There are 2 protein chains.
Amino acid sequence: MAEEKKYGSETCRSAMGSVKDALYVLSGKWKLPLIIALREGPRRFNELQKELVDITPKVLSKELRELELNEFVVRKVFNTVPVTVIYEITPYSASVNPIIEALKEWGEQHRERIVRHRKNEPVTV
Amino acid sequence: MAEEKKYGSETCRSAMGSVKDALYVLSGKWKLPLIIALREGPRRFNELQKELVDITPKVLSKELRELELNEFVVRKVFNTVPVTVIYEITPYSASVNPIIEALKEWGEQHRERIVRHRKNEPVTV
DNA sequence: CTGCATCCTATAGGATACTG
DNA sequence: CAGTATCCTATAGGATGCAG
């Protein structure tokens, strides 16, 4: 068998792998903002759309479906007329709180230092 | 003046903003893996290329330049023949360690649960 | 060795209109 | 109300070749 040469320490490679795994699930412009919004309480589709300001329904529904797949969010349908749909966060999703807190804290403390090289995005959202 | 209506709580919107800021700097497939590699010690360009396995020189150099812009990495050139370039991490970049640790821990603990809906990527890298 | 130039593709994400 | 369908663009990222 071809023994593939590895570079860097084992712990280093394993760390990269784990970080990539985590980022994979949370990837997407709106995943974390959605989780943050839903942490405050259940929301309806159009409530989320207003709260996330710039998101389009197509993207919102895609992100929600992905969050549902990964068990971060539960979708509940009520047979009213017209239909009512509630999205709520799962207990499981609390597991990403440390990530959110770490990012939030870093963002707060280093906001001024960030170099926005691509475009002039507003600093605060 | 048009008073724009805001949705969600103030702390919630502020959290979203900070998280977005943090993600902005760390966005890119290779930013965090690069920082993780460089935490272990200074590396040369082609060492990084081998260590990150699949990265192409163009992308590597782009990511390194962005990390340099944000003061995560310092580029040192030595006038040897051929030229030697060393990349090393800055003390400042230690500030993202909590983020990396949070992501790493989450990735380790939830690896099996991750639903890879887009493509069949290998679970470990 | 380092890394830019060029070309290329896939995909994330947005705009708009429409439906059960 | 809660989405889907269609179309579109920008950009991240990859492949390859070349240069100081």
Side-chain angles (χ1 to χ4, degrees), chain A residues 7 16 20 23-34 37-38 42-70 73-88 116-122 125, chain B residues 7 16 20 23-34 37-38 42-70 73-88 116-122 125:
Chain A
Y7 296 88
M16 286 184 197
K20 279 186 178 183
L23 286 178
Y24 184 85
V25 177
L26 303 174
S27 70
K29 189 172 170 183
W30 304 100
K31 291 260 165 54
L32 258 355
L34 271 172
L38 289 169
R43 299 284 142 101
R44 305 180 59 170
F45 191 88
N46 63 349
E47 286 173 337
L48 287 170
Q49 202 178 342
K50 282 178 225 154
E51 195 161 351
L52 288 256
V53 181
D54 270 337
I55 198 167
T56 61
K58 176 195 142 187
V59 174
L60 176 55
S61 106
K62 186 193 168 208
E63 300 274 274
L64 283 171
R65 267 183 278 117
E66 290 176 5
L67 286 174
E68 217 189 332
L69 257 179
N70 281 301
V73 162
V74 172
R75 180 173 177 274
K76 293 185 176 168
V77 186
F78 297 90
N79 262 327
T80 54
V81 182
V83 65
T84 305
V85 180
I86 297 283
Y87 291 92
E88 56 186 40
R116 279 154 210 286
H117 23 95
R118 292 153 222 217
K119 31 197 150 172
N120 282 8
E121 292 183 20
V125 183
Chain B
Y7 296 89
M16 285 184 196
K20 279 187 178 182
L23 286 177
Y24 185 85
V25 177
L26 302 174
S27 71
K29 190 171 169 184
W30 304 102
K31 291 259 165 52
L32 258 357
L34 271 172
L38 289 170
R43 300 282 144 99
R44 305 182 58 174
F45 190 87
N46 64 348
E47 285 173 338
L48 287 171
Q49 202 178 344
K50 282 179 225 154
E51 196 163 350
L52 289 256
V53 180
D54 269 337
I55 198 168
T56 61
K58 176 194 141 188
V59 175
L60 175 55
S61 105
K62 185 192 166 210
E63 300 273 274
L64 284 171
R65 265 182 282 116
E66 291 177 2
L67 287 174
E68 219 189 330
L69 257 180
N70 281 301
V73 162
V74 172
R75 179 173 177 273
K76 293 185 175 168
V77 186
F78 297 90
N79 261 329
T80 53
V81 182
V83 64
T84 305
V85 179
I86 297 284
Y87 291 91
E88 57 187 40
R116 278 155 210 286
H117 23 98
R118 293 154 221 219
K119 29 196 151 173
N120 281 8
E121 292 182 19
V125 183

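Every chain is numbered from 1, with letters handed out A, B, ... down the list of sequences. Here the structure is a predicted model, which means the values were calculated and not measured.
With sequence neighbours excluded, no residue satisfies side chain to side chain donor-acceptor pair (under 3.5 Å) with Arg44(A). With sequence neighbours left out, the salt bridge (Lys or Arg N to Asp or Glu O under 4.0 Å) criterion links Glu88(A) to Lys76(A). Taking Glu51(A) as the reference, Arg43(A) meet the side chain to side chain donor-acceptor pair (under 3.5 Å) condition, with sequence neighbours excluded. For Val77(B), the side chain to side chain contact (heavy atoms under 4.5 Å, CB included) criterion is met by Arg75(B), Val83(B), Val85(B), not counting sequence neighbours. A search for side chain to side chain donor-acceptor pair (under 3.5 Å) contacts involving Thr56(A) returns nothing, not counting sequence neighbours. Judged as a side chain to side chain contact (heavy atoms under 4.5 Å, CB included), and not counting sequence neighbours, the contacts of Leu23(A) are Val19(A), Leu32(B), Leu103(B).
Distance from the side chain of Val85(B) is smallest for dT2(C) among the nucleotides dG3(D), dT2(C), dT4(D).
Using a 4.5 Å cut-off on side-chain heavy atoms (C-beta onward), Leu64(B) and Phe45(B) make contact. The shortest side-chain heavy-atom distance between Trp30(A) and Leu60(A) does not fall under the 4.5 Å cut-off.
In terms of phosphate contacts, Arg44(B) brings a side-chain nitrogen or oxygen within less than 4.0 Å of OP1 or OP2 of dT2(C). In this model, the phosphate group of dG3(D) is not approached by any side-chain N or O of Ser61(A) to a distance below 4.0 Å at OP1 or OP2. Dashed line: the shortest gap from a side-chain N or O of Arg65(A) to OP1 or OP2 of dT4(D) is under 4.0 Å. Contact annotation: Tyr87(B) side-chain N/O to dC1(C) OP1/OP2 distance is not under 4.0 Å.
As rounded to whole Å, 14 Å separates atom P of dG3(C) from atom CG of Leu52(B). Atom pair Leu48(B):CG and dT2(C):C1' shows a separation of 12 Å (rounding to whole Å applied). In this entry the distance linking CG of Leu60(A) with C1' of dC1(D) reads 13 Å, nearest Å. Rounding to whole angstrom units, CG of residue Asn79(A) and P of dA2(D) are separated by 13 Å. Between Gln49(B) atom CD and dT16(D) atom P there is a gap of 13 Å when expressed in whole angstrom units. Rounded to an integer number of Å, the gap from Glu47(A) CD to dC1(D) C1' is 11 Å. For the pair Leu23(B) CG and dA12(C) P, the interatomic distance rounds to 16 Å; values are reported in whole Å.
For the pair Lys20(B) (side chain) and Met16(B) (backbone), a donor-acceptor distance under 3.5 Å is absent.
Using a 4.0 Å heavy-atom criterion, one finds that Phe78(B) contacts no nucleic acid atom at all.
Remark on the helix from dC1(C)-dG20(D) to dG20(C)-dC1(D): inter-end axis angle 50°, axes from five-pair C1' superpositions, rounded to 10°.
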Revision key, fill the gap. Counting primed atoms, P, OP1 and OP2 as sugar-phosphate and everything else as base, the B/S/- map of nucleotides 13-20 of chain C against protein heavy atoms under 4.0 Å is BBB-----
